[in-house]
Amino acid sequence: MTAYWTTHPGPLGDLLLTCDATGALTSLTVPGAPGAKGLPAPGTVRDDAPFAEARRELDAYFAGERDRFTRRLAPPPATDFRRRVWAALDEIPYGTTVSYGQLAAAIGVGGPAVRAVGGAIGANPLLIVRPCHRVVGADGSLTGYAGGLERKTWLLGLERTRTAVPAG
């Protein structure tokens with residue numbers, strides 16, 4: 001099955017997007033993030049067309065005109081635990097943050113599993129769209145982000161300076 005990729009310029013640098021043959025977004029990475037080292041896997045075809053909707057949504061988000069993404073997602077296979085963590089990320093409201101512990105509690109785990117939650121967040125292949133940047137340390141400090149703390153700070157600042165808007 002053919003997969004596609006493109007890049008999209010944005011305030012965080014050139015974003016690398018991939019999708020499957022159905023057009024569902026499989027990854028979104030920022031420069032310097034794991035998986036953003038060069039082009040996608042061999043056999044992946046460069047084609048901008050399948051990404052028109054994703055580009056519009058990203059541009060609207062960066063302009064403060066959108067507070068969530070509606071593009072279909074198809075992340076790579078993952079464990080049930082990772083899928084639960086990623087689903088919980090999708091539920092974090094725009095303009096808010098939660099701690100790793102709060103996210104762990106939301107999926108029904110605690111204690112030592114909080115570290116595993118952090119690992120699952122770090123493996124999130126859909127940066128920005130699946131808002132892992134909204135997870136912070138227990139004391140509110142900014143901790144880990146695959147795209148770097150400077151980008152996490154920027155994204156949180158964008159969301160805090162905008163009033164939540166309809167997904168449109």
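In what follows, residues are counted from 1 in the order of the sequence shown.
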Trainee: Might you point out which heavy atoms bring A21 and Y4 nearest each other, and give the distance in Å?
Mentor: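 Nearest pair, atom of A21 first, then Y4: CA-CE1, 4.1 Å.
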
Trainee: Report yes or no: does N124 contribute a side-chain atom to a donor-acceptor pair with the main-chain N or O of R130 at less than 3.5 Å?
Mentor: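 A pair under 3.5 Å: yes.
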
Trainee: Could you tell me which non-hydrogen atom of V30 sits nearest to which non-hydrogen atom of L127, and how far apart they are?
Mentor: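 Result for this residue pair: CG2-CD1, 4.0 Å.
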
Trainee: Is the closest side-chain heavy-atom distance between I128 and L15 below 4.5 Å?
Mentor: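 Touching, per the 4.5 Å side-chain cut-off.
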
Trainee: Other residues, nucleotides and ligands only: do more than 12 of their heavy atoms fall within 6.0 Å of CD on E150?
Mentor: no

Trainee: Restricting to non-hydrogen atoms, name the atom on P125 and the atom on P75 that form the minimum distance, rounded to 0.1 Å.
Mentor: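 P125 and P75 have their closest heavy atoms at CG-CB, 3.9 Å.
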
Trainee: For E159, run the side-chain hydrogen bond (donor to acceptor under 3.5 Å, both in side chains) check against Y94, Y61, W154 and tell me which one passes.
Mentor: Y61

Trainee: Let me see the working for D14 and T7 under side chain to side chain donor-acceptor pair (under 3.5 Å), right down to the final yes or no.
Mentor: CA-CA 6 Å; D14 286 342; T7 58; 5.3 Å; no

Trainee: Are any side-chain N or O atoms of K152 and backbone N or O atoms of L142, one a donor and one an acceptor, separated by less than 3.5 Å?
Mentor: no

Trainee: Between F81 and V135, is there shared hydrophobic-cluster membership here, with clusters defined by ILVMFWY side-chain heavy atoms closer than 4.5 Å?
Mentor: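 Yes, F81 and V135 fall within the same hydrophobic cluster.
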
Trainee: Atom CZ in R134, atom OG1 in T96: separation rounded to 0.5 Å?
Mentor: 6.5 Å

Trainee: As a quick check of understanding, evaluate side-chain contact (heavy atoms from CB on, under 4.5 Å) for L25 and D20, giving each step before the final call.
Mentor: CA-CA 7 Å; L25 204 58; D20 64 18; over 6 Å; no

Trainee: With clusters defined by side-chain heavy atoms of hydrophobic residues (ILVMFWY) lying less than 4.5 Å apart, directly or transitively, does L149 cluster with V98?
Mentor: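 Different hydrophobic clusters.
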
Trainee: For A54, check side-chain contact (heavy atoms from CB on, under 4.5 Å) against everything at least two apart and list the hits.
Mentor: L17, R71

Trainee: Which heavy atom in R151 sits nearest to a heavy atom in G147, and how many Å separate them?
Mentor: NH1-O, 2.8 Å

Trainee: Do the charged groups of E57 and R68 touch, with an N to O distance under 4.0 Å?
Mentor: no

Trainee: Which heavy-atom pair separates F51 from T18 by the least distance, and what is that distance?
Mentor: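 Taking F51 first and T18 second, the nearest heavy atoms are CE2-C, 3.7 Å.
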
Trainee: With clusters defined by side-chain heavy atoms of hydrophobic residues (ILVMFWY) lying less than 4.5 Å apart, directly or transitively, does F62 cluster with L126?
Mentor: yes

Trainee: So which heavy atom on T22 is nearest to which on R72, and how close?
Mentor: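 Smallest interatomic distance, heavy atoms only, reads O-NH2, 2.5 Å.
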
Trainee: Do F69 and L58 have side-chain heavy atoms sitting under 4.5 Å apart?
Mentor: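 The answer is yes, as the side chains (C-beta and beyond) meet within the 4.5 Å cut-off.
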
Trainee: Are L155 and I92 connected in the hydrophobic side-chain network, where two residues link if heavy atoms are under 4.5 Å apart?
Mentor: no

Trainee: Please answer: with hydrophobic residues joined when any side-chain heavy atoms are less than 4.5 Å apart, are L12 and V129 in the same cluster?
Mentor: yes

Trainee: Sort and list the pairs that fulfil side chain to side chain donor-acceptor pair (under 3.5 Å) and have at least one residue in residues 75-86, not counting sequence neighbours.
Mentor: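 Found none.
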
Trainee: Would you check if L28 and L16 make a side-chain contact, meaning some heavy-atom pair closer than 4.5 Å?
Mentor: no

Trainee: Under 3.5 Å, is there a donor-acceptor pair between the H8 and D59 side chains?
Mentor: yes

Trainee: To the nearest 0.5 Å, what is the distance between CG on L73 and OG1 on T70?
Mentor: 9.5 Å

Trainee: May I have the step-by-step check of side-chain contact (heavy atoms from CB on, under 4.5 Å) for T143 and V136, ending in yes or no?
Mentor: CA-CA 6 Å; T143 58; V136 298; 5.5 Å; no

